[in-house]
Peer 1: 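This is the structure, below, for whatever I ask next.
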Amino acid sequence: MGAVIAVLSGKGGTGKTTTAAALACALSELGRRVVCVDADAELRNLDLCLGLGDQALMDYGDVLAGRCSLEKALVGPADFPALKLLPAPQEPAEESLEAVVMPLREQFDYCLIDCPGGLRAALAAAFPADRALVVANADACSHRDGERIAQLLRGGPECFLLMNRVSPRLLRSEKMTLDDSMDRVGLRLIGYVPEDNRVPLALAAGTPLLAADKRTWRGAAAAFRRIARRLDGQRVPIR
Ligand SMILES: Nc1ncnc2c1ncn2[C@@H]1O[C@H](COP(=O)(O)OP(=O)(O)OP(=O)(O)O)[C@@H](O)[C@H]1O
Ligand SMILES: [Mg+2]
């Protein structure tokens with residue numbers, strides 16, 4: 001049975017989709033069978049972050065309505081043969097994701113769920129998960145929203161904080177540290193990802209970040225690779 005990991009946040013736009021796509025690629029580089037589920041019905045874009053914008057033809061709405069099989073809806077980027085995406089419908093979805101997540105759990109080592117913005121929708125999408133990554137940025141609004149979602153997840157999946165778009169210079173100027181972020185959100189840190197303009201550049205080129213950045217050991221791609229190894233049980237120092 002594979003592990004189900006929800007990627008969510010209180011506040012929108014913190015980098016959930018970027019994180020789900022990059023961690024899925026990084027886990028597949030480690031030789032794991034990975035599927036990511038885009039749970040952001042209507043506003044999907046995980047397909048774009050994986051360079052699959054023109055291939056996501058069927059979605060989990062089609063699967064739940066019996067219009068196609070689960071296997072037929074799965075698509076995968078050429079650079080990552082062990083990675084599949086289950087796209088979200090482009091219209092509102094009423095059905096629970098659990099019915100598709102359960103069979104995926106049997107076939108894959110990791111199932112990552114890219115949750116939508118908004119507290120209620122995010123919590124509903126994260127419901128089948130074993131672990132939850134709360135993605136936050138280093139600002140007061142994001143801390144407060146992260147703290148709120150962490151409280152609401154209590155008693156559910158095991159939760160970690162993932163700090164994204166971290167700028168060491170900004171932290172220094174505000175006399176803040178990542179420990180302050182951890183204290184404010186109230187979760188254990190799984191890792192931090194720096195602000196890196198290669199993230200929007202890869203998106204604009206229609207290439208997964210980790211395919212665009214195969215060699216460097218700095219920047220966002222490297223940070224996601226380190227977090228993936230931690231998720232996979234390896235001991236990798238945070239800093
Ligand atoms: N580490 C980073 N460095 C630079 N830009 C980033 C980084 N992470 C994300 N971004 C940019 O931030 C924007 C929002 O990212 P993303 O779409 O992943 O957020 P989201 O939390 O999924 O948003 P939503 O709540 O709308 O689903 C995108 O333009 C993305 O390219
Ligand atoms: Mg998103």
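Counting convention: from 1, in listed order, for ligands and their atoms alike.
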Peer 1: Do Cys49 and Thr17 come close enough that some side-chain heavy atom pair is under 4.5 Å?
Peer 2: yes
Peer 1: For ligand 1, which atoms, with element, lie under 4.0 Å from some heavy atom of Gly12?
Peer 2: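 Under 4.0 Å from Gly12, ligand 1 has these atoms: 25 (O).
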Peer 1: Counting neighbours of CZ on Arg144 that are heavy atoms of other residues, nucleotides or ligands and sit closer than 6.0 Å, is the number greater than 12?
Peer 2: no
Peer 1: Using a strict 4.0 Å cut-off to heavy atoms of Asn164, name the atoms of ligand 1 that fall inside it.
Peer 2: 1 (N), 2 (C), 7 (C), 8 (N), 9 (C)
Peer 1: Select the closest option to atom 18 (O) of ligand 1 among Thr18, Asp38, Leu203, Thr19, judged by heavy-atom distance.
Peer 2: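 Nearest heavy atom to atom 18 (O) of ligand 1 lies in Thr18.
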Peer 1: For ligand 1, which atoms have a heavy atom of Gly13 less than 4.0 angstrom away?
Peer 2: 14 (C), 19 (O), 20 (P), 21 (O), 23 (O), 24 (P), 25 (O)
Peer 1: Between ligand 1 and Cys49, can you find any atom pair, the residue atom being a heavy atom, that is separated by under 4.0 Å?
Peer 2: no
Peer 1: What atoms of ligand 1 come within less than 4.0 Å of a heavy atom belonging to Gly15?
Peer 2: 15 (O), 16 (P), 18 (O), 19 (O), 20 (P), 21 (O)
Peer 1: Should Pro200 be listed as contacting ligand 1, given a heavy-atom distance under 4.0 Å as the test?
Peer 2: yes
Peer 1: Would you say the side chain of Asp40 lies within less than 4.5 Å of the side chain of Leu46, judging by non-hydrogen atoms?
Peer 2: no
Peer 1: Are any of the side-chain heavy atoms of Ile113 and Val7 separated by less than 4.5 Å?
Peer 2: no
Peer 1: Between Leu104 and Val35, is there a side-chain heavy-atom distance shorter than 4.5 Å?
Peer 2: yes
Peer 1: Can a donor-acceptor pair be found between the side chains of Lys11 and Ser142 at a distance below 3.5 Å?
Peer 2: no
Peer 1: Would you mind listing which atoms of ligand 1 come within a distance below 4.0 Å of any non-hydrogen atom of Asp40?
Peer 2: 27 (O)
